Amino acid sequence: MDLPKEFQSGYDHTDTEEPLYSQWEESGYFNPDICIDKGVTEKDSDPFSMVLPPLNVTGVMHVGHAAMTTIEDILIRFARMRGKRTLWIPGTDHAAIATQSKVEKILSKEGVRRSDLGREKFLERVEEFAQNSHSTIVSQLRSIGGSLDWSREAFTLDEKREKAVREAFKRMYDLGLIYRKDRVVNWDPKGQTTVSDDEVLHEESTGTLYTFRYSKDFPVPIATTRPETKVGDTAVAIHPDDKRYNEYIGTTHEVEFAGSQLSIQIIADESIDPEYGTGAVGITPAHSMTDWEIAERHDLPLKQVINEYGKMENVIEELEGMKTKDAREWVVEWIKENDLMENTEEVNINVSKAERSGGIIEPLPKLQWFIDVNKEFTLEHSEIEGIDSGSKVTLKQLMASVVKSGEVSIIPPRFEKVYFNWIDNLHDWCISRQIWYGHRIPVWYKGDEMHVGHEAPGDEWKQDPDTLDTWFSSGLWTFSTLGWPEKTDDLLTYHPNSLLETGYDIIFFWVARMILMSTCLLGEIPFKDVYFHGLVRDKKGQKISKSLGNNIDPVDIIEEHGADALRMALIIGTSPGNDANLDLDDVRGYRKFANKVWNIARFIFMNIPDEYNHSEKPDLSVKYQNYLTEIQEKAEEITEHLNNYRLHLAAEETYHYIWHRLADEILEESKDDLYSDNADIQQEAIWTLVELVSISLRLLHPIMPFVTEAIWKHMPTKERDFLMVENWPIEE
RNA sequence: GGGCGCUUAGCUCAGUUGGUAGAGCAACUCGUUUACACCGAGUAGGCCGUAGGUUCAAGUCCUACAGCGCCCACCA
């Protein structure tokens with residue numbers, strides 16, 4: 001066969017990949033409905049659905065995103081070729097705090113603060129920024145070859161998702177699961193907002209543990225690392241069995257400490273460790289989460305002495321307005337001057353910081369919105385294994401049970417432990433934020449009246465100024481992208497999702513929250529399988545970070561070596577849940593592989609006789625029959641690997657077969673027959689080789705879609721217009 | 001304080017259910033005007049972290065230990 005022009009030399013990804021992606025897109029095959037219309041997918045075949053973890057509109061993609069997209073695209077293409085109704089929904093996440101602080105940083109370079117602009121103007125700037133990021137991200141997803149259904153693209157902050165958010169909020173409020181209360185929250189003084197427990201990072205550090213008494217006649221010494229908060233104490237707690245102090249339980253003492261009049265009750269609480277410090281803890285209900293919980297149990301009064309800016313308040317004049325750090329020194333001095341200090345000791349402490357802003361968390365009492373994870377409610381409708389419709393459940397129980405029963409299965413399974421451990425320690429989720437970018441809390445106030453719903457009941461009603469934690473809307477993602485709360489066909493067909501593929505770093509933030517939302521609101525699991533991939537590190541195994549300057553831009557790699565090569569490098573040598581290193585030498589190697597595949601096909605096509613008809617199968621000698629049996633077995637193995645999410649093994653097997661078996665051996669062993677004068681022998685050889693390359697290309701397509709599709713255009717065995725919708729070599 | 005992962009060829013890592021070790025890269029030798037130098041043929045290189053145990057058989061299962069890394073946890 002005469003080779004077409006583009007086939008006369010080596011493979012060049014630069015003039016292949018972009019046009020191919022456009023052709024795929026124009027074909028409509030990324031959309032399962034069109035696949036059915038065009039007859040490449042059976043109307044009643046099994047669905048296979050997945051969402052792309054929505055990418056934050058904070059910036060551009062990095063190699064980690066490229067790896068994620070690659071893994072998902074491989075599984076999606078595999079499912080599509082197996083004839084499933086395959087849906088993969090793209091989307092972006094507004095990433096509230098992250099995006100807002102990014103834009104604030106940009107503005108600060110212009111010398112502008114958000115308060116200078118006001119809410120509306122500021123939000124315009126954020127949206128402009130988000131829009132730009134979005135365009136970049138979308139083009140990056142395309143360049144990697146992601147076969148996403150763009151017609152269903154979603155954004156966590158678009159109109160449809162807003163509807164879902166408000167509906168979810170209202171339903172959970174009506175169930176009593178969302179409540180508004182004054183309680184101690186993680187306050188980030190730098191970001192000027194609350195954050196959830198999961199957004200707080202604990203850093204090891206050293207500090208001083210001060211042991212002292214409030215006053216000379218106070219019966220028990222206490223120990224603390226934060227003396228400045230002690231002006232807000234309302235109790236001292238001891239263990240009920242602690243013989244040293246239990247005669248004082250139930251007594252109240254009026255003391256004057258650091259200029260403040262304190263009324264200290266001595267109470268007994270099981271949570272106190274008699275071994276630590278003095279065994280007596282000064283309880284500061286307003287400025288410590290655990291103290292607040294103790295205070296709740298004992299109905300203790302609360303006294304706030306630190307404000308939202310991390311400064312002292314409600315204290316004597318000398319301290320008023322002082323930063324906590326300076327106040328600590330002042331109070332320590334006061335203790336010493338009054339001869340109350342009994343001991344000081346260097347100890348390890350944890351410093352709690354806000355994940356995004358780096359601000360040091362100040363626990364403060366604030367009126368906020370929460371999701372109650374322990375409250376019992378009636379799950380009206382349930383399709384969850386082991387939980388009947390109408391059962392009394394808590395969110396914690398729901399979250400635990402679907403994983404315990406195996407209805408949601410986690411890969412690799414070791415992450416189940418991590419998940420359960422998180423649930424065991426779970427507290428109510430603070431969902432309100434004081435930032436501007438995000439879903440406004442769907443609650444309106446008029447005087448003492450409150451309305452929860454989709455819109456304001458009237459003109460005089462004022463909406464809550466706060467916004468929702470970004471993970472509230474992300475938690476709805478598996479069904480908000482399918483049209484919920486409408487009962488759409490998509491929702492019926494594609495929910496629960498078949499698979500969720502994401503990084504293990506967001507197991508709590510996102511995976512757990514999706515399970516919470518879906519089980520609660522739909523009475524359904526959000527997905528059947530969860531596959532966790534690891535982090536992508538640099539060649540030396542170092543974490544990729546700006547400060548190390550080892551950032552690798554996937555777009556640069558794609559331009560230089562091609563998306564296929566990058567995809568292969570990101571898959572081979574990795575295993576589920578483990579971090580992987582990306583070495584550019586590997587990418588170069590796989591680029592060679594793409595060229596190799598190209599040349600294998602070129603060689604075979606060159607040797608196809610002009611009047612060739614592949615449907616006329618010749619009689620095959622044992623040698624050629626064996627080649628076919630062998631590839632069939634290979635294909636079964638590879639299929640098995642893909643079915644079990646062992647992508648790295650599938651890729652390796654495919655690579656190895658094509659290069660070192662098909663090219664190095666089979667092609668060489670067939671050359672004599674190809675050049676034979678005997679037409680039958682020639683026919684036998686070429687027919688088998690065409691068959692082998694046809695199967696090979698189909699096996700390789702999910703992993704290296706571009707080069708395989710480019711070759712497929714010239715395949716004599718082609719049944720459909722694109723390889724991406726051809727049948728997988730192994731039937732289910 | 002609790003939990004998890006890793007430790008296998010010079011480097012980076014695979015090794016699904018236990019059957020006397022694999023890949024890529026690097027190195028070395030040789031070859032090639034005939035699909036591909038983005039090539040081929042070949043060579044060398046490993047008490048599979050340490051110590052025990054289970055088993056006919058262990059890189060693979062169990063126990064302990066060590067080094068490295070990670071996650072969770074507000075001992076005030």
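Residue numbers start from 1 in every chain, and the chains themselves are labelled A, B, ... in the order their sequence lines are given, proteins ahead of strands. No experiment lies behind these values; they were computed from the predicted model shown.
Remark: B:rC28 base-pairs with B:rG42. Criterion, Watson-Crick or G-U wobble with two distances under 3.5 Å.
Within the structure, salt bridge (charged side-chain N to carboxylate O under 4.0 Å, His left out) pairs that include any residue of residues 643-660 of chain A comprise A:K634-A:E653 (at least two apart or interchain). For residues 570-587 of chain A, the set of pairs meeting the side chain to side chain donor-acceptor pair (under 3.5 Å) definition, not counting sequence neighbours, comprises A:R414-A:N578, A:Y504-A:D579, A:R537-A:D579, A:S575-A:N578, A:D585-A:R588. For residues 270-280 of chain A, there are no salt bridge (charged side-chain N to carboxylate O under 4.0 Å, His left out) pairs, not counting sequence neighbours. The salt bridge (charged side-chain N to carboxylate O under 4.0 Å, His left out) contacts involving residues 561-572 of chain A comprise A:D73-A:R567, where partners must be two or more places apart or lie in separate chains.
Remark: P of B:rA73 and CG of A:L426 are 10 Å apart, rounded to the nearest angstrom. Taking atom NZ of A:K539 as the reference point, atom C1' of B:rC13 lies 14 Å away to the nearest angstrom.
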Scoring nucleotides 25-31 of chain B by protein non-hydrogen atoms under 4.0 Å (B base, S sugar-phosphate only, - none) yields -------
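Ring pair A:Y655/A:W659 is tilted by interplanar angle, where 30° to 60° counts as tilted.
If A:H287 and A:G10 are placed on RNA chain B by their nearest nucleotide, the residue sitting closer to the 5' end is A:G10.
Considering only residues two or more places apart in sequence or on other chains, A:E228 meets the side chain to side chain donor-acceptor pair (under 3.5 Å) condition with A:R226, A:R328. With sequence neighbours left out, A:H533 forms a side chain to side chain donor-acceptor pair (under 3.5 Å) with A:E501. For A:Y419, there are no side chain to side chain donor-acceptor pair (under 3.5 Å) partners at least two apart in sequence or on another chain. Applying the salt bridge (Lys or Arg N to Asp or Glu O under 4.0 Å) rule to A:E633 yields no partners; only residues at least two apart in sequence or on another chain are considered.
Of all the residues in residues 263-274 of chain A, A:I272, A:D273 reach under 4.0 Å from RNA chain B with at least one non-hydrogen atom. Sorted by residue number, the members of residues 413-422 of chain A with any non-hydrogen atom under 4.0 Å from RNA chain B read A:R414, A:K417, A:N421.
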Which donor-acceptor pairs under 3.5 Å do side chains of residues 199-206 of chain A form with protein atoms, sequence neighbours excluded?
| unit_1 | atom_1 | unit_2 | atom_2 | d |
| --- | --- | --- | --- | --- |
| A:E199 | OE1 | A:S196 | N | 2.8 |
| A:E199 | OE1 | A:S196 | OG | 2.9 |
| A:E199 | OE1 | A:R433 | NH2 | 2.8 |
| A:H202 | ND1 | A:S352 | OG | 3.3 |
| A:E203 | OE1 | A:K353 | NZ | 3.4 |

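A:E668 contributes a side-chain N or O that forms a donor-acceptor pair with the base of B:rA35 under 3.5 Å.
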